[in-house]
Amino acid sequence: MKWNKYKIKTTTEATDYVCGLLMSLGITGVQVEDNVQLTEEEKAQQYVDILADLPEDDGTAFISFYTKTDRVDGTSDDEELLEQIRKDLKAASEFMNVGEGSIEHSTTQEEDWINNWKKYFKSFTCGDFYIKPTWQKRESEYDNYKMIEIDPGTAFGTGKHDTTQLCIFCLSLQRC
């Protein structure tokens, strides 16, 4: 299935307003791209080792949303929705800086995301162990390694995390 992607150029100041506007029009999911730096409080709540190093905030933000294509030719009749967004942005510009308010259009093909990531997950070694996903064959050059066959999910279980590899390495030291 194809999807229409619309990307609105606005300001960081108007981001919350534009997202609320889209929600009021029935758009339930948006993607916000900006360079707003995290506050110290927000950094303390993050569960990541290294935060993204963003450039300075220039006040520009992009808000993207998707709609389904309805026609056989892959197009959709979103003009009424887009006209309402333009009208609402123009009205909002009277009391806040909504920026350019331009709307860029592109289409994207929906892919089988649940399985496509598998082509990037390859077998690897750690200590005396050969770790491979269930959908790949064991390579003969690793016949002397102990094998761990893993069926990772999309967000967990690849065996590549540093702490997992440390545990596997310790197992190889134990001569299990």
Side-chain angles (χ1 to χ4, degrees), residues 1-122 124 133 151-166:
M1 173 189 296
K2 286 188 177 181
W3 292 84
N4 290 308
K5 178 180 180 181
Y6 297 101
K7 189 174 187 177
I8 302 170
K9 185 174 183 180
T10 187
T11 63
T12 54
E13 171 187 341
T15 300
D16 289 340
Y17 176 82
V18 175
C19 289
L21 164 69
L22 295 173
M23 287 179 148
S24 73
L25 294 172
I27 297 166
T28 57
V30 298
Q31 174 187 352
V32 177
E33 299 171 65
D34 61 27
N35 291 327
V36 175
Q37 305 296 319
L38 295 175
T39 65
E40 289 304 317
E41 182 180 331
E42 290 169 328
K43 287 178 186 176
Q45 294 174 357
Q46 299 292 310
Y47 295 103
V48 293
D49 296 330
I50 301 171
L51 295 170
D53 186 20
L54 300 174
E56 285 296 316
D57 178 23
D58 64 357
T60 305
F62 296 92
I63 300 174
S64 300
F65 65 94
Y66 296 84
T67 63
K68 291 181 182 179
T69 57
D70 300 321
R71 299 180 185 150
V72 176
D73 66 357
T75 63
S76 165
D77 191 18
D78 289 332
E79 201 49 49
E80 188 177 315
L81 171 66
L82 297 173
E83 193 54 43
Q84 185 64 49
I85 293 169
R86 288 183 191 103
K87 179 182 166 188
D88 291 345
L89 287 173
K90 184 175 180 175
S93 70
E94 294 179 20
F95 63 87
M96 73 183 326
N97 179 8
V98 294
E100 191 175 298
S102 62
I103 303 174
E104 181 183 306
H105 174 257
S106 61
T107 56
T108 184
Q109 184 70 36
E110 180 177 359
E111 296 182 36
D112 184 6
W113 294 108
I114 199 70
N115 289 311
N116 282 347
W117 66 273
K118 290 180 178 180
K119 63 185 169 189
Y120 301 105
F121 182 68
K122 305 292 183 203
F124 62 98
D151 196 3
T154 55
F156 179 77
T158 63
K160 290 270 187 174
H161 192 273
D162 291 342
T163 56
T164 306
Q165 289 197 6
L166 183 59

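In this chain, numbering begins with 1 at the start of the sequence shown.
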- prompt: OG/Ser64 to NZ/Lys5 distance, rounded to the nearest 0.5 angstrom?
  reply: 4.5 Å

query: Which pair of heavy atoms, one from Gly29 and one from Phe65, lies closest together, and at what distance?
result: O-CB, 3.8 Å

query: Which residues satisfy the salt bridge (Lys or Arg N to Asp or Glu O under 4.0 Å) test with Glu40, sequence neighbours excluded?
result: Lys43

message: Would Val18 and Val32 count as a side chain to side chain contact (heavy atoms under 4.5 Å, CB included) here? Give the steps.
response: CA-CA 10 Å; Val18 175; Val32 177; over 6 Å; no

query: Rounded to the nearest 0.5 Å, how far does CD of Glu83 lie from CG of Asp88?
result: 10.0 Å

- request: Return the orientation label for the Tyr6 and His105 ring planes: parallel under 30°, perpendicular over 60°, tilted otherwise.
  value: tilted

query: Of Leu22, Thr67, Asn4, which meets side-chain contact (heavy atoms from CB on, under 4.5 Å) against Leu81?
result: Thr67

task: Please name the pair of heavy atoms, one in Gln84 and one in Leu25, separated by the smallest distance, quoted to 0.1 Å.
output: CG-CD2, 3.7 Å

- prompt: What is the minimum heavy-atom distance between Asn97 and Ala14, and which atoms define it?
  reply: O-CB, 3.6 Å

- prompt: Can you tell me if Asp34 and Thr12 form a side-chain donor-acceptor pair at under 3.5 Å?
  reply: no

field: Exercise: identify the closest heavy-atom pair between Ile63 and Val30
entry: CG2-CB, 4.1 Å

query: Which atom names give the shortest non-hydrogen contact between Ile8 and Ile103, and what distance separates them?
result: CG1-CG1, 4.0 Å

message: Show the nearest heavy-atom pair for residues Pro55 and Gln37, with the distance to one decimal.
response: O-NE2, 3.0 Å

query: Between the main-chain N or O of Gly99 and the side-chain N or O of Thr10, is there a donor-acceptor pair closer than 3.5 Å?
result: no

- prompt: Is there a donor-acceptor contact under 3.5 Å linking the side chains of Ser102 and Glu100?
  reply: yes

- prompt: What distance do Thr60 atom OG1 and Asn35 atom CG have between them, rounded to the nearest 0.5 Å?
  reply: 8.5 Å

query: Say you draw a straight line from CE of Met96 to CG of Asp16; how long is it, rounded to the nearest 0.5 Å?
result: 8.5 Å

message: Could you work out, with salt bridge (Lys or Arg N to Asp or Glu O under 4.0 Å) as the rule, every residue matching Lys122, not counting sequence neighbours?
response: none

